[in-house]
2 protein chains.
Amino acid sequence: MSERPLMVIPQPTLKRLVVYHQWLKQLQERGRDVVSCTVLARDFKLDATQIRKDLEIAGIAGTPRVGYRIDAVIASIESLLGWTNVNDAFLAGVGNLGAALLGYERFTRQGVNIIAAFDLDPAKIGTKIHGKPVFSLTKMAPLAQRMKIKIGILTVPAPAAQTVADLMIAGGIEAIWNFAPTALQVPEPIVVESVSLASSFAVLLNQLQHQRHKTT
Amino acid sequence: MSERPLMVIPQPTLKRLVVYHQWLKQLQERGRDVVSCTVLARDFKLDATQIRKDLEIAGIAGTPRVGYRIDAVIASIESLLGWTNVNDAFLAGVGNLGAALLGYERFTRQGVNIIAAFDLDPAKIGTKIHGKPVFSLTKMAPLAQRMKIKIGILTVPAPAAQTVADLMIAGGIEAIWNFAPTALQVPEPIVVESVSLASSFAVLLNQLQHQRHKTT
DNA sequence: TTTTAATAGCGATTTTTTTCTTTATTCATA
DNA sequence: TATGAATAAAGAAAAAAATCGCTATTAAAA
């Protein structure tokens, strides 16, 4: 499918590229055409060289005295990340967070399309949330198999996470985006990426404490 | 306040400690008393030495042939992260994600207590969501000042993020937990920690693609 | 044209983070 | 009490990531 040689992209770089992408989209809407590393470095409080290296890894070239063409950078990042073809996904667990993700339209532009949600709560089953149908969890595995869904989003409470992950795997899902604060045990080829909001907040608290000690 | 020397904790370590903490809590509920690095390494698919180093940084000692006392590790991590005293916070932007965070009770056990939310939508102002009152955004800065709130959670749409961040700073807020996919420009002592769901998902997609190339 | 200033590019260096290796400790068992 | 096995501890090595210093390129200004 992709023409790219599929080299290994350092994970920090990968994450930053996504962030650059979001920002460049905004700059583009404001009518900007090109942007320099220097400017990006200031915006993101990063080292300009680091941004240059990141873009280099993404296979993007700039021109001296001018910078990088924003549209070219955006296109390169999107192709690198595989956002050009959208992946269908199932979401399990229509709680607060699950429902929020169902309504997050931006995802479609970032390579993921949630086509159905699953839950145990009879009050939710049969309804639509943000336009996405909610089915019984018991139907997830067979449906995933039939529709060849490869991506599962896990937004169930921690105690249920392992069980539901097992269901996903039984349905042929190969990649799990895990929001449950737990360690998932999955067999070899299955890919898990966990989001830990608590970790992020801990970093914030830690920085705040350091900042306070610095100024006192 | 804290007795700890406030040394610098590597950010990757900090994030992992939070994840260990969540898992250890679960092990504890299942009646486990001690745990070894070897077991944790298997659970998290990490290197055992790395976990040992992480715990060492957190100032935790284990005993050979046995492992680490789970309660001691939990207590150490909580004190290290400052979860022993809870920080009050304001949340701006009661959209899908904002509302979800308001209902996330676990936060209180992780050092943050959202005491009020703010929005522009008149339909939301004056109501309570998950028990938290929603006020007009115009009241955020003065209230933050009066109540000496130091932490702001930013869940507004990207175009509004900078403006609302400025409001927070005007109200004396020192740390911003940013969920908007944008780069915030803030003055020196202000701390920003951004959560990029899209970055996390990009990592998942990337791993999935690599996994596929490996097996084919 | 020539000069100047801003910028990307590239290799080298440094720092940080992870992993490996070896040693020491502790518990269980004989 | 000795022995063996599992584990933590500590230091060394390796790998990864970030940063620095310099060069080359380009556009604008003189």
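Lettering follows sequence order; numbering is per chain, from 1.
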Which part of the nucleic acid, if any, lies within contact of Ala48(A), taking any heavy atom under 4.0 Å across all strands shown: a base, the sugar-phosphate backbone alone, or nothing? nothing
Do any N or O atoms of the protein come closer than 3.5 Å to N or O atoms of nucleotides 19-28 of chain D, and which pairs are they?
residue : atom : partner  : partner atom : Å
dA27(D) : N3   : Arg65(A) : NH1          : 3.2

Mind checking the CG-CE spacing from Leu91(A) to Met140(A)? Nearest 0.5 Å is all I need. 10.0 Å
Does any N or O in the side chain of Glu174(A) come within less than 3.5 Å of the main-chain N or O of Leu208(B), such that one atom is a donor and the other an acceptor? no
Using a strict heavy-atom distance below 4.0 Å, which residues from residues 26-37 of chain B are in contact with DNA chain C? none
Is any side-chain nitrogen or oxygen of Tyr68(B) closer than 4.0 Å to OP1 or OP2 of dT26(C)? no
Find the distance Asp54(B):CG to dT19(C):P and express it as a whole number of Å. 11 Å
Sidechain-backbone polar pair: Arg32(B) side chain, Val34(B) backbone, donor-acceptor under 3.5 Å: yes
Can you sort out which residues in residues 10-17 of chain B have a heavy atom within less than 4.0 Å of DNA chain D? Ascending by number, please. none
Integer-rounded Å distance: dA18(D) C1' and Ile57(A) CD1: 11 Å
Of all heavy-atom pairs linking Leu24(A) and Leu40(A), the shortest is CD2-CD2, 4.2 Å
Any side-chain heavy atom of Lys150(B) within less than 4.5 Å of one from Arg212(A)? yes
Interatomic spacing from CG in Leu137(A) to CE in Met168(A) - rounded to 0.5 Å: 8.0 Å
Given atom CG of Leu55(B) and atom P of dT7(D), what is their separation to the nearest angstrom? 15 Å
Pair Trp177(B)-Phe107(B), ring pair (Phe, Tyr, Trp, His ring centres under 6.0 Å): steps then yes or no: CA-CA 13 Å; Trp177(B) 198 18; Phe107(B) 280 159; 5.6 Å; yes
Are Asp54(B) and Thr13(B) close enough that a side-chain donor and a side-chain acceptor fall under 3.5 Å? yes
Does one side chain, of Gln26(B) or Thr182(A), offer a donor that lies under 3.5 Å from an acceptor on the other? yes
Spacing between Arg69(A) atom CZ and dT7(C) atom C1', to the nearest angstrom: 16 Å
Residues Arg109(B), Glu78(B): salt bridge by 4.0 Å N-O rule: no
Any chance you could measure Glu193(B), atom CD, to Gln11(B), atom CD, to the nearest 0.5 Å? 6.0 Å
CD of Glu56(B) versus P of dT19(C): gap in Å, rounded? 16 Å
Between P of dA6(D) and CZ of Arg42(B), the distance in whole Å: 14 Å
